[in-house]
Protein chains: 2
Amino acid sequence: MSKPPTENMARSTKQRTAILELLESDDAFRSAQDLHAILRESGSKIGLTTVYRTLQAFADAGMVDVMRLPGGDHLYRLCGAEEHHHHLVCRSCGKTVEVAGPTVERWAGKVAAEHGFTDVGHTLELHGLCASCSK
Amino acid sequence: MSKPPTENMARSTKQRTAILELLESDDAFRSAQDLHAILRESGSKIGLTTVYRTLQAFADAGMVDVMRLPGGDHLYRLCGAEEHHHHLVCRSCGKTVEVAGPTVERWAGKVAAEHGFTDVGHTLELHGLCASCSK
DNA sequence: CCTAGAGATGACAATCATTGTCAACACCTA
DNA sequence: TAGGTGTTGACAATGATTGTCATCTCTAGG
Ligand SMILES: [Zn+2]
Ligand SMILES: [Zn+2]
Ligand SMILES: [Zn+2]
Ligand SMILES: [Zn+2]
């Protein structure tokens with residue numbers, strides 16, 4: 001069902017390593033363009049296209065979480081848990097907490113069944129102000 | 001808090017009437033481009049820009065629901081209820097059911113509080129196959 | 001340690017939904 | 001009915017993402 005982590009990622013390259021290390025050092029969701037800019041500033045000659053492709057590959061492999069801004073842009077973040085989960089994101093500083101939603105999962109299933117729907121999936125994001133940004 | 005339904009909509013024009021009637025006759029979510037194409041096919045000379053602007057105005061006024069496709073496109077649908085609700089959409093035929101999620105709202109508030117977050121909002125969509133499309 | 005060739009890269013062009021512009025137009029009220 | 005103001009629509013501009021393709025580089029073999 002889930003793809004092997006290395007599908008479409010046959011080789012290990014310095015570009016992929018750089019992106020991965022950058023992701024590991026960052027807690028918040030970042031756009032491909034942001035990551036590209038950061039890498040260039042630190043001396044890398046990596047291309048924007050490569051950043052896009054690599055992040056997509058990481059996402060396909062389940063290595064990163066993807067979320068979409070209201071504007072439609074893709075944001076990426078290193079994903080620890082392999083299990084299904086959702087995100088509580090600070091809209092000010094980007095701090096993100098991964099949360100499981102058993103209650104929601106159950107509710108979703110019930111609602112779907114009540115209306116005769118099958119094969120139901122869902123998208124869910126929480127966004128607010130974290131403790132420090134609240135002050 | 002919520003804006004008056006007519007803000008940014010001072011006048012009544014045949015274009016707005018046409019769009020509204022089209023929305024009233026359709027149960028599923030449609031894109032601005034789809035609606036524009038339909039209107040043109042039925043003889044209207046309405047411009048694409050106008051369709052975009054009008055749908056946005058309707059959305060701002062809370063007259064229509066907006067949802068985003070995975071690809072990022074905006075879809076619009078006439079919205080009956082003024083209250084907060086979510087959607088259960090058939091990914092095959094587009095049939096849509098509006099559902100309230102008191103359970104989810106409560107859960108969201110609790111999770112947010114546990115992590116010290118304030119001013120928390122959320123996005124939630126359910127998508128599956130409706131009864132007829134399931135067969 | 002070499003080498004071949006599949007994979008990967010990056011500069012650049014192309015896509016495409018959406019937004020910006022602005023002159024011409026059409027509501028609505030006085 | 002006339003005017004000014006909100007609206008419209010053709011067209012250009014935007015901007016993130018994707019497509020292209022010649023060049024480069026891993027890495028498995030030899
Ligand atoms: Zn914060
Ligand atoms: Zn879930
Ligand atoms: Zn259906
Ligand atoms: Zn809700």
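In this text, all values refer to a predicted model and were calculated from it rather than measured experimentally. Just so it is clear: chains get the letters A, B, ... in the order the sequence lines come, proteins before strands, and each one is counted from 1.
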Send over the distance from [X] [atom1] to [N] [atom2], rounded to a whole Å.
X      : N       : atom1 : atom2 : value
M9(B)  : dT5(D)  : CE    : C1'   : 16 Å
H36(B) : dC11(D) : NE2   : P     : 13 Å
L75(B) : dA17(C) : CG    : P     : 12 Å
L55(B) : dT19(C) : CG    : P     : 11 Å
L35(A) : dA16(D) : CG    : C1'   : 14 Å
M67(B) : dA17(C) : CE    : P     : 18 Å
F58(B) : dT7(D)  : CZ    : C1'   : 13 Å
L69(B) : dC16(C) : CG    : P     : 15 Å

With the side chain of [X] defined as its heavy atoms from C-beta on, choose the nearest nucleotide among [options].
X      : options                   : value
D73(A) : dT21(C), dT17(D), dG10(C) : dT17(D)
K14(B) : dT17(D), dC27(C), dG10(C) : dC27(C)
Y52(A) : dG10(C), dA11(C), dT18(D) : dT18(D)
T49(B) : dG10(C), dC11(D), dT8(D)  : dC11(D)
I46(A) : dT21(C), dG10(C), dT19(C) : dG10(C)

Item checked: Nearest-nucleotide comparison on DNA chain C, the residue closer to the 5′ end among R16(A) and L48(B) ->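 First, find each residue's nearest nucleotide; the 5'-ward one identifies R16(A).
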
Checklist line | 5' priority, DNA chain C, between Y76(B) and S12(B) [closest heavy atom] | finding: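 In this pair, the answer is Y76(B).
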
Note to self: Do F117(A) and V111(A) have side chains that approach each other closer than 4.5 Å (heavy atoms only, starting at C-beta)?
What the structure shows: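 A side-chain contact is absent here, since even the closest heavy-atom pair is not under 4.5 Å.
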
Next item on the list: State, yes or no, whether a side-chain contact exists between D73(A) and S31(A) at a heavy-atom distance under 4.5 Å.
Entry: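 Contact flag for D73(A)/S31(A) side chains = no.
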
Could you list all N or O pairs between the protein and nucleotides 2-5 of chain C that sit under 3.5 Å apart?
none

Next item on the list: Check if the side chain of R53(B) and the base of dG20(C) share a donor-acceptor pair of N or O atoms closer than 3.5 Å.
Entry: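 Flag unset: no donor-acceptor pair detected.
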
Examine [N]: is either OP1 or OP2 under 4.0 Å from a nitrogen or oxygen in the side chain of [X]? Give yes or no.
X      : N       : value
H74(B) : dT18(C) : yes
Q15(B) : dG9(D)  : yes
T13(A) : dA8(C)  : no
Q56(B) : dT19(C) : yes

Notebook entry, point to check: Do E98(A) and R77(A) sit within salt-bridge range, that is, some charged N less than 4.0 Å from a carboxylate O?
Noted result: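 Salt bridge flag = yes for R77(A) with E98(A).
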
Could you tell me whether a side-chain N or O of [X] sits under 3.5 Å from a main-chain N or O of [Y], the two making a donor and an acceptor?
X      : Y       : value
S44(B) : S42(B)  : no
T96(A) : A28(A)  : no
H36(A) : I46(A)  : yes
S92(A) : L129(A) : no

Margin query: Please verify the inter-ring angle class for H86(B) with H122(B); under 30° counts as parallel, over 60° as perpendicular, anything in between as tilted.
Written below: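 Answer is tilted, since the angle falls between 30° and 60°.
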
Note to self: Tell me which one of D34(A), D27(A), D26(A) satisfies salt bridge (Lys or Arg N to Asp or Glu O under 4.0 Å) with R30(A).
What the structure shows: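 Output: one option passes, namely D26(A).
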
Notebook entry, point to check: Given axes from five pairs at either end, by how many degrees does the helix from dC1(C)-dG30(D) to dA30(C)-dT1(D) bend, rounded to 10°?
Noted result: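 Comparing the axis at each end, I get an angle of 30°.
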
Next item on the list: Using ring-ring contact (aromatic ring centres under 6.0 Å, His included) as the criterion, list what pairs up with H87(B), not counting sequence neighbours.
Entry: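 H87(B): ring-ring contact (aromatic ring centres under 6.0 Å, His included) contacts with F29(B), H85(B).
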
